[in-house]
Student: 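Before I ask anything, here is the structure I am working with.
We name chains A, B, ... by the order of the sequence lines, and we start the count at 1 in each one.
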Protein chains: 2
Amino acid sequence: MEFKEAKNKFVQTWGALGSQWGINKTMAQIHALLMVSNEAVSMEDIMAELQISRGNASMNLRALMDWGIVYKEYKAGERREFFTAEKDLDELAVKISRERSKREIKPALKILKEVSTIEAKDSAEEKHFVDQTSKLYDFVLKADNMLDKMTEFNENWLGRLVLKIMK
Amino acid sequence: MEFKEAKNKFVQTWGALGSQWGINKTMAQIHALLMVSNEAVSMEDIMAELQISRGNASMNLRALMDWGIVYKEYKAGERREFFTAEKDLDELAVKISRERSKREIKPALKILKEVSTIEAKDSAEEKHFVDQTSKLYDFVLKADNMLDKMTEFNENWLGRLVLKIMK
DNA sequence: TTAAACTTTCAAAAATAAATGAAAGTTTAT
DNA sequence: ATAAACTTTCATTTATTTTTGAAAGTTTAA
């Protein structure tokens with residue numbers, strides 16, 4: 001397999017994986033492209049490589065920057081903007097997990113708390129509901145906190161964790 | 001908030017969360033419904049509660065059973081089939097992570113391996129590509145193995161892990 | 001074996017999400 | 001202040017995913 005083919009395969013795969021995890025395909029593809037580029041890439045080049053429109057490129061770059069995993073870069077004497085991706089994988093994982101926690105887990109926890117604290121009447125049905133949603137609340141809260149703690153390690157947290165868990 | 005309202009809110013929230021994580025809304029809603037039901041539910045009842053068609057119910061129940069998180073149940077003297085969800089959250093998390101690993105992570109790893117082992121010529125660009133995709137391969141492999149180990153604990157693995165990591 | 005009671009399948013329709021592209025908005029050099 | 005070079009926005013179009021529902025399939029009881 002030659003370089004160009006490999007690069008394309010990687011970008012496509014990363015895009016597909018993104019969709020499966022609720023991240024839009026183009027956003028994941030742009031990220032993939034930047035991750036494996038050794039230098040900052042202009043919007044023009046991104047558009048050309050991925051065959052996407054200007055608007056699409058712009059919107060997804062904005063989204064990636066909101067997630068904190070892609071940065072704008074300015075080159076001396078160049079009017080146009082260039083983009084780079086966070087390339088440190090530990091840092092990337094930390095940022096993604098922080099954002100997803102903030103955007104999705106935290107709001108879900110809020111709802112879980114609400115519904116698990118209703119006044120359960122005497123019916124078995126209602127008791128089971130309160131019991132199950134309470135357990136779910138605890139579980140999700142614990143998992144969310146753990147993710148936080150895990151990634152808080154900083155500097156090769158995944159490697160360290162593996163050691164800690166194995167031992 | 002009264003029971004019916006809370007139940008509906010929970011089902012809707014779980015459905016929305018599902019979509020955000022690449023699981024279709026109805027599938028997540030059916031799962032939510034079964035999770036908080038204290039007894040097995042018939043397809044008719046699922047259709048009525050979620051206002052969905054027979055085909056939709058049938059397909060998503062099949063998918064949930066394929067994931068191993070919903071079971072068919074037969075009641076004596078009843079022709080129809082009833083469904084229940086895995087209610088143990090540790091077990092649920094284990095099954096979901098196993099399936100996603102098998103369906104998504106493992107195939108992605110295969111591609112990562114392929115593209116990271118191309119013959120890198122002398123250009124900085126190609127070297128960076130091989131370097132970055134190799135790192136990604138290692139990272140994903142390590143994370144995948146860790147998930148496996150984590151959930152292998154069995155019996156309240158999350159609680160135990162929290163202890164282990166905190167200490 | 002038949003028919004009633006139920007489930008599954010899948011082509012078509014509907015709903016949802018993503019992409020386009022032209023117009024509006026910015027920035028910078030002169 | 002102007003215009004060239006570039007980016008963003010958003011109404012519309014396109015693509016993708018999900019849902020429907022009717023027909024085909026299956027199981028069970030008599």
Side-chain angles (χ1 to χ4, degrees), chain A residues 11-34 40-67 70-84 100 103-104, chain B residues 11-34 40-67 70-84 100 103-104:
Chain A
V11 169
Q12 296 307 321
T13 305
W14 208 237
L17 208 58
S19 331
Q20 279 170 324
W21 287 84
I23 284 142
N24 104 37
K25 195 184 63 179
T26 306
M27 186 168 154
Q29 286 182 342
I30 294 178
H31 181 248
L33 183 63
L34 295 178
V41 184
S42 72
M43 198 151 107
E44 292 291 337
D45 288 349
I46 293 171
M47 286 164 58
E49 283 232 44
L50 301 180
Q51 307 252 58
I52 57 172
S53 70
R54 193 172 288 290
N56 196 7
S58 173
M59 299 228 293
N60 283 298
L61 280 166
R62 148 90 26 240
L64 284 163
M65 289 188 293
D66 289 347
W67 276 68
V70 160
Y71 315 110
K72 241 183 210 170
E73 234 173 57
Y74 297 95
K75 285 195 188 176
E78 274 276 16
R79 182 97 132 234
R80 72 212 147 120
E81 300 170 338
F82 293 81
F83 301 88
T84 1
R100 295 208 85 148
R103 294 172 195 222
E104 295 147 20
Chain B
V11 169
Q12 296 307 322
T13 304
W14 208 237
L17 207 59
S19 331
Q20 279 169 323
W21 287 82
I23 283 142
N24 106 34
K25 193 183 66 180
T26 306
M27 186 167 155
Q29 286 181 340
I30 294 177
H31 182 249
L33 183 64
L34 295 179
V41 184
S42 71
M43 196 150 107
E44 292 291 338
D45 288 348
I46 292 172
M47 288 164 56
E49 282 230 44
L50 301 180
Q51 308 254 57
I52 57 171
S53 71
R54 191 172 289 289
N56 197 5
S58 173
M59 300 227 293
N60 282 298
L61 279 166
R62 148 88 30 238
L64 285 163
M65 289 189 293
D66 288 347
W67 276 66
V70 159
Y71 315 111
K72 240 182 209 171
E73 234 173 56
Y74 297 96
K75 286 195 187 174
E78 275 275 16
R79 180 100 130 231
R80 325 168 274 159
E81 300 169 338
F82 291 81
F83 300 88
T84 2
R100 296 208 85 148
R103 294 173 196 224
E104 294 148 21

Student: Base, sugar-phosphate, or nothing for Ser19(A), non-hydrogen atoms under 4.0 angstrom?
Tutor: nothing

Student: Would you mind reading off the distance between Lys25(B) atom NZ and dT17(D) atom C1', rounded to a whole angstrom?
Tutor: 12 Å

Student: Could you list where the contact with chain B starts and ends along DNA chain C, reading 5' to 3', using a 4.0 Å heavy-atom cut-off?
Tutor: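 Endpoints of the contacted stretch of DNA chain C: dA4(C) to dC10(C).
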
Student: Closest heavy-atom contact between Trp14(B) and Ala32(B)?
Tutor: CD1-CB, 3.4 Å

Student: Can you tell me if Asn24(B) touches the phosphate of dT19(D), counting only side-chain N or O atoms and a distance under 4.0 Å to OP1 or OP2?
Tutor: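 Answer is yes, contact under 4.0 Å.
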
Student: When rounded to the nearest 0.5 angstrom, what distance separates CD1 in Ile46(A) from CG in Asn56(A)?
Tutor: 11.0 Å

Student: Parallel, tilted or perpendicular: which describes the rings of Trp21(A) and Trp21(B), with under 30° parallel and over 60° perpendicular?
Tutor: perpendicular

Student: With the threshold set at under 4.0 Å for non-hydrogen atoms, list the residues of residues 46-57 of chain B touching DNA chain C in residue-number order.
Tutor: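 By residue number: Arg54(B), Gly55(B).
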
Student: Rounded to whole angstroms, how far apart are CG on Leu61(A) and P on dT9(D)?
Tutor: 12 Å

Student: Minimum heavy-atom separation for Lys75(B) to Ala40(B), with atom names?
Tutor: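 Where Lys75(B) meets Ala40(B) most closely, the heavy atoms are NZ-O, 4.3 Å.
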
Student: Between Ser42(A) and Phe82(A), what is the shortest heavy-atom contact and its length?
Tutor: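 Of all heavy-atom pairs spanning Ser42(A) and Phe82(A), the closest is N-CD2, 3.6 Å.
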
Student: Taking all non-hydrogen atoms of both residues, which atom of Gly15(B) and which atom of Gln29(B) are closest, and how far apart?
Tutor: CA-CG, 3.8 Å

Student: List for me each residue that meets side-chain contact (heavy atoms from CB on, under 4.5 Å) alongside Lys72(B), sequence neighbours excluded, and say none if there are none.
Tutor: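 If we apply the side-chain contact (heavy atoms from CB on, under 4.5 Å) test to Lys72(B), skipping adjacent residues, the hits are Met65(B), Tyr74(B), Glu81(B), Phe83(B).
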
Student: Given the rule in the side-chain contact (heavy atoms from CB on, under 4.5 Å) test, do Ile52(B) and Asn60(B) qualify, once you have shown the distances and angles that lead to the verdict?
Tutor: CA-CA 11 Å; Ile52(B) 57 171; Asn60(B) 282 298; 5.9 Å; no

Student: Nearest whole Å is fine: how far is dT18(D) P from Ile23(B) CD1?
Tutor: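 Whole-Å distance recorded here is 11 Å.
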
